[in-house]
Amino acid sequence: MASANELVQTIKKASLDAIEASKPVNVYFGVVKSIHPLTVNVEQKLKLGESQLILTRNVTDYDTMVTVEWDSEEEETTHNRNDLRQPGSDEESPDGSMEAPSGGHFHRITGEKRITIRNGLAVGEEVILVRQQKGQKFIVLDRIGK
């Protein structure tokens, strides 16, 4: 019976060694140490540079298109035009602005607009990284929310 048990243990160990040797995906935690050039310290043991990091959209600035339909914030008007509506009215003037009851005005903003999402990393932020299987590259998945 002892030899069967030893055989099972040997097979288990060989399996674990094979898995480790293939360098499966592992999750790490790091801290951004600098932005230009980008460096991340991983669990206080390993310093990764830009060439070793693959950034996802979650940790970069990027442009995207959005569809909007909103009104700008009210501004005090300096218009001295006869075509603006009377205070208290809620109809649109010929130029697309609307007069607010206080005498200010705002503009309707509609359509498809390009915006920039500011998601770039900052020094001191903690990040979640995944090492590529069998590789020396690390994918920066996201920052750790606080």
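For reference, positions follow the sequence shown, starting with 1.
Between R114 and M65 there is a side-chain heavy-atom pair separated by less than 4.5 Å. Residues V130 and N26 form no side-chain contact, since every pair of their non-hydrogen atoms from C-beta on lies 4.5 Å or further apart. Between L129 and F29, every side-chain heavy-atom pair lies at or beyond the 4.5 Å cut-off. Side-chain contact between I128 and V140 is absent, with no heavy-atom pair separated by less than 4.5 Å. Annotation: side chain of I144 is not in contact with side chain of V127 (no heavy-atom distance under 4.5 Å). Taking the side chain as every heavy atom from C-beta outward, D71 and I109 never approach each other to under 4.5 Å. Taking the side chain as every heavy atom from C-beta outward, N119 and R57 never approach each other to under 4.5 Å. Using a 4.5 Å heavy-atom cutoff, the side chains of R143 and L121 are in contact.
Scored by the salt bridge (Lys or Arg N to Asp or Glu O under 4.0 Å) test, R118 finds D61 as partners (sequence neighbours excluded). Taking K45 as the reference, E43 meet the side chain to side chain contact (heavy atoms under 4.5 Å, CB included) condition, with sequence neighbours excluded. Listed by chain and residue number, T39 satisfy the side chain to side chain contact (heavy atoms under 4.5 Å, CB included) test with S34 (two or more places apart in sequence, or in another chain).
I117 and L55 are not part of a single hydrophobic cluster, where members link through side-chain heavy atoms under 4.5 Å apart. The hydrophobic cluster containing V40 also contains Y28, counting ILVMFWY residues as joined when their side-chain heavy atoms lie under 4.5 angstrom apart, directly or transitively. By the criterion of side-chain heavy atoms lying less than 4.5 angstrom apart, applied directly or through intervening Ile, Leu, Val, Met, Phe, Trp or Tyr residues, V123 is grouped together with L48 in one hydrophobic cluster. F138 and I54 fall into different hydrophobic clusters, where Ile, Leu, Val, Met, Phe, Trp and Tyr are joined by side-chain heavy atoms under 4.5 Å apart, directly or via other members.
A side-chain donor from one of T116 and D63 sits under 3.5 Å from a side-chain acceptor of the other.
Atom CD of E69 has 12 or fewer heavy atoms from other residues, nucleotides or ligands within 6.0 Å.
Judged as a ring pair (Phe, Tyr, Trp, His ring centres under 6.0 Å), not a single pair has a partner in residues 112-132 (not counting sequence neighbours). Counting only residues at least two apart or on different chains, no ring pair (Phe, Tyr, Trp, His ring centres under 6.0 Å) pair has a member in residues 30-51.
Of all heavy-atom pairs between V59 and D142, the closest is CG1-CA, 3.8 Å. Residues K137 and S51 come closest through the heavy atom pair NZ-O, 2.8 Å.
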Exercise. Mind running side-chain contact (heavy atoms from CB on, under 4.5 Å) on K47 and V42 for me, showing each step along the way?
Key: CA-CA 6 Å; K47 185 176 182 177; V42 177; over 6 Å; no
Practice problem: Please test I115 against T64 for side-chain contact (heavy atoms from CB on, under 4.5 Å), starting from the C-alpha separation and ending with a verdict. | Solution: CA-CA 6 Å; I115 63 169; T64 191; 3.9 Å; yes
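Using modelled atom types, one side-chain atom of S72 and one backbone atom of H107 make a donor-acceptor pair closer than 3.5 Å.
Clustering of Ile, Leu, Val, Met, Phe, Trp and Tyr by side-chain heavy atoms under 4.5 Å joins V31 with none of the others.
Here E125 contributes atom CD and K33 contributes atom NZ; the two are 12.5 Å apart, rounded to the nearest 0.5 Å.
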